[in-house]
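Read through the structure below, which is laid out as structure tokens, and then see the notes.
In what follows, chains are A, B, ... by sequence order, proteins preceding strands, each numbered from 1. Just so you know, these numbers use all the heavy atoms, side chains as well, and skip hydrogens, waters and symmetry mates. Just so it is clear, the model here is predicted, and its values are computed rather than measured.
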Amino acid sequence: MISSLARILTIGRNTLTEAVRQKVLNILLIFAIVLVGSSVTVSQLATPGLDSAGIFDAQIKFVKDFGCGAIGLFGFFIALLSTAQLIPQELHNRTIYTILAKPVRRAEFLLGKFFGVVLLLALCVALMSLAFAATLYWQELRGIAAADKIYNAGSPAFAANPGAVQAYNQEVAGIVQQVRDPQIVEAILLLFTKLIMTAGIALLISTFATSSIFTIVTTFMIYLIGHMESTAREVWLARGAEASIWQSGLVGLISLLIPDMNSFTIVDEILAGNKVPWSHALNLLGYADVYLIVLLGVSIVVFDYREI
Amino acid sequence: MMDSSIAVATTIAAETVGLTKRYPLTWKRKVLVALDDLNLQIKAGEVYGLLGPNGSGKSTTIKLLLGLIVPSEGEARIFGLPPESLEARRRVGFLPENPYFYGFLNGDETLRFYGKLCGVTGAKLDARIDELIDLVGLQNGRERPLRSYSKGMLQRIGLAQAMIHDPEILFLDEPTAGVDPLGSAQIRDLILRLKKMGKTVIFSSHLLEQVQEVADRVAIFSLGKKVLEGSLEALLAEDHSTQINIPAELSADQQERLRQALRQAGIKDGDVRFTRPHLSLEQLYLRTVQGRPEPAAKKPSGK
């Protein structure tokens, strides 16, 4: 058991090293540039309204929406592309033969490669989150500086006006609260979970696909269906007796086979400032875990039978 | 007392019984027979050559013996074990045909990676890496990424990774393919060293002369079937013929005296031929280039 884990870790670490040395992380530079660029742009667009406290709320909300959206989008491409080429590349370069001729089970090979992608995604999400946090912090500093300017904080007149001090303190507290919202951590954790689910789907497809393109296109389609299935379920099942048994059956089958990606749109609620309890997030994590175990289990069985 | 059948079985390193591999060509509604009813018994310590044209079943045999592919019929065994078992795989090493390995790792990291997969770790792994780097002569490749390796260097690091866990059997699929004659001779010497170390080596090659130099036994394959098998001595001996080698050039007078002696022994003049033995082209090449300095190291290609 321990040696099996050691082999999975060795393969996982090697997969991560490969991605890092092949400069996959350079994509994150683009992320950082896009994030900082958008942040600067939006702050310039809002300059005429500096006297309005609400403008900063809107700016920070934009940066939060944009940052989480960008983490999701960049992460999605990294998860999809890096997982889709895991097995085809090993087969093409015949490196798989050198590994499977060693005392390594096929399941260990597959789990090791997947673990490598999870490590890569964790590293990418961590780095993107750092850039995101830095951008938010910059917005916080700008907001406080602007509030200082509006209220002329530090001047004797400001100090002598308790009403102004209270309004200033409220505004600064509002900015800090919005920037340092602990729910952002919850949102990023859910985004990360969604990325791992995407990688899991891509891994399953790649165990029987004959090309990376097929894996990418099929995973993308499943991802889209996963986003639409809950809407379809609601619409079709709301028709009650009107829905034929076939329609209900089809929707039920899709719900069973394809993970409900739309449930992760709860991240939008968090970003909108609504309170989403941790218990709900943990439920989603549990749902994702069950799906992931099934995805990996089926991947192992399919890969075991594959001719290499 | 040990049962005699078990004693015999323990000396068999690799064995196949009725081993067959078919690939269904669904679109053409045909079946490709890559290997047909192969029966082999390779003894421990033997150097066994698999010969045959491309597509004759050599690589398929090796992959089946390694448990990398599943037979359609029959079975393969490594020291009596199923080849896909971890226990069997601990006892085998494999160098695939045209190996690529991970271009982003250097020589040292490559051996470390494969060593860890085999459960070799710590000081033991360090010592083993040093030993193998020396054995395959890759001191200048330890820190270089494999993507900058020449073909010969790749084959040598491939051999080193195959030996990292000190296996008892080595499968080498075309170990000299695409390698220059000097590198090819080094690999041949390495096989001979492995033989001296008591390892079983099963290899395929197109270089017949090299096979002749190192193999104890060979099997010749054609269209997925083993068509000939035996020891080289038995297969290559020409019946009804004797060769005498004298390490000196004979004068005409000496030749005549020898003819007379042979005539007295009842051998007709027409059956006797005096020829000068020739070097093989490989021997001439090696004699010419060996000892010369190696060319400058190839620059990284930046792939």
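- Looking at B:E109, the atoms closer than 4.5 Å to chain A (heavy atoms on both sides) all sit in the side chain, from C-beta outward.
- Contact between B:F113 and A:T10 at its shortest, heavy atoms only, is CD1-CG2, 3.6 Å.
- Looking at A:I11, both its backbone and its side chain come within 4.5 Å of chain B, counting heavy atoms on both sides.
- Between chain A and the options B:R112, B:E97, B:E87, the largest number of non-hydrogen pairs under 4.5 Å is found for B:E97.
- A 6.0 Å sphere centred on OH of A:Y137 holds no more than 12 heavy atoms belonging to other residues, nucleotides or ligands.
- Identified by a heavy-atom distance below 4.5 Å to chain B, the contributing residues of residues 79-104 of chain A are A:E90, A:N93, A:R94, A:T95, A:Y97, A:T98, A:I99, A:L100, A:A101, A:K102, A:P103, A:V104, in residue-number order.
- Around the OH atom of A:Y291, the shell of radius 6.0 Å holds more than 12 heavy atoms that belong to other residues, nucleotides or ligands.
- Using a 4.5 Å cut-off between non-hydrogen atoms, the part of residues 112-123 of chain A that approaches chain B consists of A:K113.
- If you measure heavy-atom distances from A:E18 to chain B, the contacts under 4.5 Å come from both the backbone and the side chain.
- Looking only at heavy-atom pairs under 4.5 Å with chain A, the residue among B:I69, B:L86, B:L66 that has the most is B:L86.
- Residues of residues 196-218 of chain A never come within less than 4.5 angstrom of chain B, heavy atom to heavy atom.
- Other residues, nucleotides and ligands contribute only 12 or fewer heavy atoms inside 6.0 Å of the CZ atom of B:R193.
- Looking at heavy atoms from C-beta onward, B:K116 lies out of side-chain contact with A:N14 at the 4.5 angstrom threshold.
- Contacts of B:R91 classified as side-chain contact (heavy atoms from CB on, under 4.5 Å), with partners at least two apart in sequence or in another chain: B:F79, B:L81, B:E168.
- Ranked by heavy-atom pairs under 4.5 Å with chain A, the first of B:C118, B:G103, B:G119 is B:C118.
- Among the candidates B:Y114, B:F101, B:F171, the residue making the largest number of heavy-atom pairs closer than 4.5 Å to chain A is B:Y114.
- Residue A:R105 touches chain B through both its backbone and its side chain, counting heavy-atom pairs closer than 4.5 Å.
- In terms of non-hydrogen atom pairs under 4.5 Å with chain A, the most contact-rich of B:T121, B:L105, B:L95 is B:L105.
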